[in-house]
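Read the structure below first, then the notes.
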Amino acid sequence: MNNKNSTLKGLIEFLNASPTPFHAVQQMKARLLEDGFEALNEKDTWVLREAGRYVITRNDSALVAWQMPAKRLLSESGLRMVGAHTDSPCLRVKPNPELHKHGYFQLGVEVYGGALLAPWFDRDLSIAGRVSFVNEAGELSSALVNFETPVAVIPSLAIHLDREANNGRAINAQTFLPPVLGQVDEKPDFRALLRDQLLVSGETVVKVLDYELSLYDTQSAALIGLEQEFLASARLDNLLSCFMGMEALLQSDSEEGVLLVCTDHEEVGSMSAAGAQGPMLDHLFERIQPEAESRNRMLANSMMISADNAHAIHPNFADKHDANHGPILNKGPVIKLNSNQRYATTDITSSQFRMLAALDNVAVQEFVVRSDMACGSTIGPITSAEIGVRTLDIGVPQLAMHSIRELAGTNDLINTIQVFKRFFECKQV
């Protein structure tokens with residue numbers, strides 16, 4: 001198996017095993033530990049060594065992995081940082097979700113982030129996330145849960161009962177989206193269902209207290225297209241960037257300070273303890289470089305690449321793009337620019353990325369939103385403002401962003417990993 005096929009196989013396995021941010025972090029941490037990274041606990045005292053490689057997690061949904069420089073002081077080496085986020089728009093289960101209507105067992109759900117809702121109908125859905133419970137020792141415990149098999153569906157209303165369905169029917173998130181789990185005679189107990197699922201997985205559960213659970217599509221990620229040039233999957237935004245950053249970190253042969261940060265809650269603003277607007281990176285920097293002047297020098301010698309997928313030009317809706325800035329799948333990673341600082345790219349950071357890409361003849365594209373449309377944003381401006389580090393916003397071009405199933409180009413992710421690898425290995429940023 002060649003390197004590209006091996007990478008794609010690993011990516012598909014990662015995407016399938018990561019239905020929630022909790023599972024994605026679990027997968028990444030396991031891979032990093034397998035490669036020799038050392039897990040640290042934020043509650044403990046740390047003793048860091050030259051060339052040491054470490055990983056921490058927060059809330060089980062955010063992760064930072066880094067390597068200390070081997071031959072230089074961190075204040076002189078700085079950090080080559082890649083940042084991404086672990087969350088994706090989805091449907092989350094409400095705290096008291098049980099609905100019993102006309103003999104059907106349904107769940108109340110809440111829309112997380114800016115999800116495209118129409119593609120959620122008529123899909124084979126399952127449930128996954130984290131559950132907190134009292135164990136047999138009377139202690140508070142938590143565990144990840146994944147039903148894996150299809151256990152729910154959101155059926156569409158037949159067109160015979162809504163003849164205007166194809167003329168732009170609005171989707172009511174409160175009333176249209178509760179999924180059907182089965183048929184029952186009386187109102188069920190969802191927490192009891194979770195307890196049974198945890199017991200099957202070997203947990204000693206006395207009582208389920210609370211949970212953070214999401215619905216997800218059970219269809220596997222897949223290579224599609226006549227030449228299998230496309231990757232179709234849920235959660236490409238932004239687990240694809242997490243995977244690319246992790247692969248580059250593991251493949252790189254660097255003696256410099258390098259760091260991968262994958263935060264949570266980007267899709268809802270990043271304002272949380274595990275989000276980019278939280279203090280996770282600040283706390284880390286204070287611990288790995290305690291003296292303030294040395295820490296400021298470290299940040300001045302550092303650079304961040306914020307990686308979050310970019311809008312590829314859609315052949316059926318080409319007018320939604322600026323004519324000179326329409327990225328195409330499999331034509332290279334995209335530098336994202338916005339004069340109003342919705343992206344953190346500067347001419348200096350974009351030029352550095354172009355120079356790195358040119359070392360491997362990787363083509364680079366640009367995205368600028370139409371001047372008459374609002375622009376989205378990323379963790380880039382937040383991180384840049386919070387820690388004062390030079391930042392670049394890039395992304396692999398994709399279609400169907402925020403759908404339950406998105407589309408990207410296979411060559412783009414391979415090429416972006418290579419540029420990230422060059423970035424981690426460069427002597428000066």
For this session: Please check if atom NZ in Lys29 has more than 12 non-hydrogen atoms from other residues, nucleotides or ligands closer than 6.0 Å.
Result: no
For this session: Answer with yes or no whether the side chains of His402 and Glu267 bring together a donor and an acceptor at under 3.5 Å.
Result: yes
Exercise. Is there a side-chain contact between Leu63 and Thr86 (heavy atoms, below 4.5 Å)?
Worked result: no
Exercise. Side-chain contact, heavy-atom cut-off 4.5 Å: Asp360 with Asn415?
Worked result: no
For this session: Give every residue pair that meets the side-chain hydrogen bond (donor to acceptor under 3.5 Å, both in side chains) criterion with at least one member in residues 197-210, sequence neighbours excluded.
Result: Arg191-Asp210
For this session: Return yes if some donor-acceptor pair links the side-chain N/O of Thr349 with the main-chain N/O of Thr391 below 3.5 Å, else return no.
Result: yes
For this session: Report yes if the side chains of Met81 and Ser302 come closer than 4.5 Å at any heavy-atom pair, otherwise no.
Result: yes
For this session: Determine yes or no for a side-chain-to-main-chain donor-acceptor pair under 3.5 angstrom, with Asn172 supplying the side chain and Phe176 the backbone.
Result: no
Problem set entry | Check against side-chain hydrogen bond (donor to acceptor under 3.5 Å, both in side chains), Asp393 and Ser306 | CA-CA 5 Å; Asp393 269 297; Ser306 164; 2.8 Å; yes
Problem set entry | Residue of the set Ile127, Ile404, Val111, Leu125 for which side-chain contact (heavy atoms from CB on, under 4.5 Å) holds with Leu91 | Val111
Problem set entry | Student check: side-chain heavy atoms of Val208 and Phe190 closer than 4.5 Å | no
Seminar exercise, completed: Output for pair (Ile335 CD1, Ser350 OG), nearest 0.5 Å, gives 5.0 Å
Problem set entry | Any side-chain donor near an acceptor of the partner, Thr378 and Asp308, under 3.5 Å | no
Exercise. Less than 4.5 Å apart, any side-chain heavy atom of Asn59 and any of Arg130?
Worked result: yes
Exercise. How about Lys320: does its NZ atom have over 12 heavy atoms from other parts shown lying under 6.0 Å from it?
Worked result: no
Exercise. Should we say atom CD of Glu110 is surrounded by more than 12 heavy atoms from elsewhere, each under 6.0 Å from it?
Worked result: no
For this session: Applying side chain to side chain contact (heavy atoms under 4.5 Å, CB included), run through Leu223 and Leu231 and close with a yes or a no.
Result: CA-CA 5 Å; Leu223 300 179; Leu231 172 70; 4.0 Å; yes
Problem set entry | Interatomic distance, Asn309 atom CG to Ser241 atom OG [nearest 0.5 angstrom] | 4.5 Å
Exercise. So, Asp217 side chain and Gln219 main chain: donor-acceptor pair closer than 3.5 Å or not?
Worked result: yes
Problem set entry | Audit row: Trp46, Leu284, side chain to side chain contact (heavy atoms under 4.5 Å, CB included) steps and yes/no | CA-CA 11 Å; Trp46 298 350; Leu284 176 66; 3.7 Å; yes
Problem set entry | CA sep, side-chain torsions, deciding dist, call: Arg354, Glu366, salt bridge (Lys or Arg N to Asp or Glu O under 4.0 Å) | CA-CA 11 Å; Arg354 292 180 193 276; Glu366 300 81 23; 3.0 Å; yes
For this session: Check for a donor-acceptor pair, side chain of Gln365 on one end and backbone N or O of Gly332 on the other, with a separation under 3.5 Å.
Result: yes
Exercise. Is there a donor-acceptor pair under 3.5 Å between the side chain of Ser384 and the backbone N or O of Gly380?
Worked result: no
Exercise. Taking the six-membered ring of Phe285, is the NZ or CZ of Arg295 close enough (under 6.0 Å from the centre) and on axis enough (within 45°)?
Worked result: no
Exercise. Which class fits the ring pair Phe367 and Tyr343: parallel under 30°, tilted 30 to 60°, perpendicular over 60°?
Worked result: perpendicular
Exercise. Just checking, is any N or O donor in the side chain of Asn16 or Ser220 under 3.5 Å from an acceptor N or O on the other one?
Worked result: yes
Exercise. What distance separates Leu107 CG from Leu213 CG, expressed to the nearest 0.5 Å?
Worked result: 9.5 Å
Problem set entry | Check: Glu256/Ser77 side-chain N/O donor and acceptor closer than 3.5 Å | yes
Exercise. So does Asp253 have more than 12 non-hydrogen atoms from other groups sitting under 6.0 Å from CG?
Worked result: no
Problem set entry | Contact check, side chains of Ser18 and Phe243, non-hydrogen atoms, under 4.5 Å | no
For this session: Taking Glu229 for its side chain and Glu227 for its backbone only, find out whether a donor-acceptor pair lies under 3.5 Å.
Result: yes
Exercise. Rounded to the nearest 0.5 Å, how far does OH of Tyr54 lie from CZ of Arg287?
Worked result: 12.5 Å
Problem set entry | Leu32 backbone acceptor or donor facing Arg53 side chain under 3.5 Å | no
Problem set entry | Under 3.5 Å: donor-acceptor pair, side chain of Thr57, backbone of Asp60 | no
Problem set entry | Any donor-acceptor N/O pair, Asn411 side chain to Lys331 backbone, under 3.5 Å | no
For this session: Determine, stepwise, if the pair Arg31 / Glu13 fulfils salt bridge (Lys or Arg N to Asp or Glu O under 4.0 Å).
Result: CA-CA 12 Å; Arg31 178 78 185 279; Glu13 291 173 351; over 6 Å; no
For this session: Kindly determine whether Ile305 and Phe420 satisfy side chain to side chain contact (heavy atoms under 4.5 Å, CB included), including the steps that lead there.
Result: CA-CA 9 Å; Ile305 296 178; Phe420 285 175; 3.9 Å; yes
Exercise. Sub-3.5 Å donor-acceptor pair from the side chain of Asp122 to the main-chain atoms of Ser156, do we have one?
Worked result: yes
Exercise. Is there a side-chain contact between Asp35 and Leu249, using heavy atoms and a 4.5 Å cut-off?
Worked result: no
Exercise. Using a distance-only test with no angle check, is there a side-chain donor-acceptor pair under 3.5 angstrom linking Asp124 and Thr218?
Worked result: no
Problem set entry | side chain to side chain contact (heavy atoms under 4.5 Å, CB included) between Ile394 and Thr416, intermediate numbers included | CA-CA 10 Å; Ile394 68 101; Thr416 305; 4.2 Å; yes
Seminar exercise, completed: Exactly one of Leu407, Asp237, Val334, Asp412 clears side-chain contact (heavy atoms from CB on, under 4.5 Å) with Gln398, and that residue is Asp237
Exercise. Are the side chains of Pro333 and Gln418 in touch, meaning some heavy atoms are under 4.5 Å apart?
Worked result: no
